[in-house]
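Step one of this worksheet: look at the structure below.
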Amino acid sequence: MITAGAILSLVMIIFFSTVCNSDPDLLFDYCVADTTSAAASFHFNGLPCIDPATACADHFATSALSEPTDPSATLFGFNATMTSPAASLPGANAQGLAMARVDLAPGGMAPLHSHPRASEVALVISGGVLVGFADTSYRLYTQRLRAGEAFVFPRGMVHFMRNEDASSPAVVLSGLNSQNPGAQLVPFSAFLTEPRLPDEVVKKTFRITGQDVQRIQRSLGGS
């Protein structure tokens, strides 16, 4: 005979397993993104699917990462091209992954930043790149990578990439375990929010003066 205590225990197990689980697995082989304007008017954790019977090989392929960008024209000398189910890789929808091509100008850098929803593995395609991240104990892990070498940035950890060659560009290919990993650049989060962080918060955080705050904001392109 099933007791009330056993029923309560079963209910609690189901409840906590539901709360603690990650996103559910797909019930189809794939969920090719429906990028029509009508579908885009709805908000999902991902994008709605087309009829699987209408999927084709082109949905799972992309050339978005094949073309280099010009990182020298940007503030830090880097440019990142990322795949997107909505724009360049509909077959990746709901698969929990994205890819990015990072072009680094000579001496260029992807400054301190984090991806709040993804871990990242970075593979150097060409050039020599210094990479690193800091963990929550403020321990720094750095490595110099050459073409063919890779490095993992754990999810949410602040990290960077820097091209150590002052005369040649570098290219890094990254894989991330989220179709929307997010990217938060530390200097922009601290100095270019809209509206701005209170000056007193920024000054006390970085132990700088009001003039320093204004100078840094201007140097980052703010007003």
Side-chain angles (χ1 to χ4, degrees), residues 22-71 73-105 108-126 129 131 133 150-161 169-186 188-189 192-194:
S22 57
D23 292 339
D25 291 333
L26 282 169
L27 299 179
F28 303 102
D29 291 338
Y30 41 78
C31 174
V32 174
D34 186 343
T35 59
T36 63
S37 57
S41 64
F42 294 95
H43 297 278
F44 294 91
N45 191 20
L47 294 172
C49 315
I50 64 170
D51 182 345
T54 64
C56 63
D58 283 348
H59 289 134
F60 303 93
T62 183
S63 59
L65 308 181
S66 63
E67 296 296 328
T69 57
D70 180 16
T74 64
L75 186 61
F76 295 100
F78 91 103
N79 221 327
T81 304
M82 183 167 289
T83 60
S84 162
S88 58
L89 192 56
N93 186 46
Q95 297 294 335
L97 60 88
M99 294 179 290
R101 174 188 174 130
V102 182
D103 288 291
L104 296 161
M109 177 179 68
L112 292 172
H113 66 283
S114 67
H115 303 294
R117 294 181 290 274
S119 303
E120 175 182 4
V121 58
L123 171 67
V124 175
I125 302 301
S126 63
V129 181
V131 299
F133 73 89
F151 192 81
V152 171
F153 302 117
R155 176 177 176 172
M157 298 293 100
V158 173
H159 59 280
F160 68 90
M161 304 178 191
V171 180
V172 177
L173 181 66
S174 288
L176 303 105
N177 63 345
S178 170
Q179 73 181 57
N180 185 23
Q184 209 168 13
L185 273 66
V186 172
F188 291 172
S189 293
L192 292 185
T193 59
E194 290 294 342

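- In this structure, H113 NE2 and L185 CG are separated by 6.5 Å, a value rounded to the nearest 0.5 Å.
- With rounding to the nearest 0.5 Å, the separation of CG in L112 from OG in S189 is 11.0 Å.
- The nearest pair of heavy atoms linking P116 to A183 is CD-N, 4.3 Å.
- Between Y30 and F60, the ring planes lie perpendicular to each other; the angle is over 60°, past the 30° to 60° tilted range.
- Nearest heavy-atom pair, A86 versus T35, reported as atom, atom and distance to 0.1 Å: O-CG2, 3.4 Å.
- A pairwise comparison of heavy atoms in V152 and P154 identifies O-CD, 3.6 Å as the closest pair.
- A distance of 13.5 Å separates CZ of R101 from OG1 of T83, quoted to the nearest 0.5 Å.
- Residues passing the ring-ring contact (aromatic ring centres under 6.0 Å, His included) test with F188: none are found, sequence neighbours excluded.
- Below 30°, between 30° and 60°, or above 60°: for H159 and F153 the angle between ring planes is below 30°, a parallel geometry.
- For residues 55-70, every residue pair satisfying the side chain to side chain donor-acceptor pair (under 3.5 Å) rule, not counting sequence neighbours, is listed here: T69-D103, D70-S72.
- With rounding to the nearest 0.5 Å, the separation of CG in N93 from CD1 in I50 is 10.0 Å.
- Residues V129 and A170 come closest through the heavy atom pair CG2-CB, 3.8 Å.
- The minimum heavy-atom distance linking C31 with P48 is given by the pair SG-C, 4.3 Å.
- Shown here for P85 and Q179, the closest heavy-atom pair between the two residues is CG-NE2, 3.7 Å.
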Run the side-chain contact (heavy atoms from CB on, under 4.5 Å) test on V172 and V124 for me, step by step, so that the C-alpha distance in whole Å, both residues' side-chain angles and the decisive distance to 0.1 Å come before the verdict. CA-CA 4 Å; V172 177; V124 175; 4.3 Å; yes
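- We find the OG-CZ distance between S114 and R155 to be 11.0 Å, quoted to the nearest 0.5 Å.
- The distance from atom CE of M99 to atom OG1 of T81, rounded to the nearest 0.5 Å, is 12.0 Å.
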Take S174 and M161 through the side-chain contact (heavy atoms from CB on, under 4.5 Å) test and state the conclusion after the steps. CA-CA 11 Å; S174 288; M161 304 178 191; 3.8 Å; yes
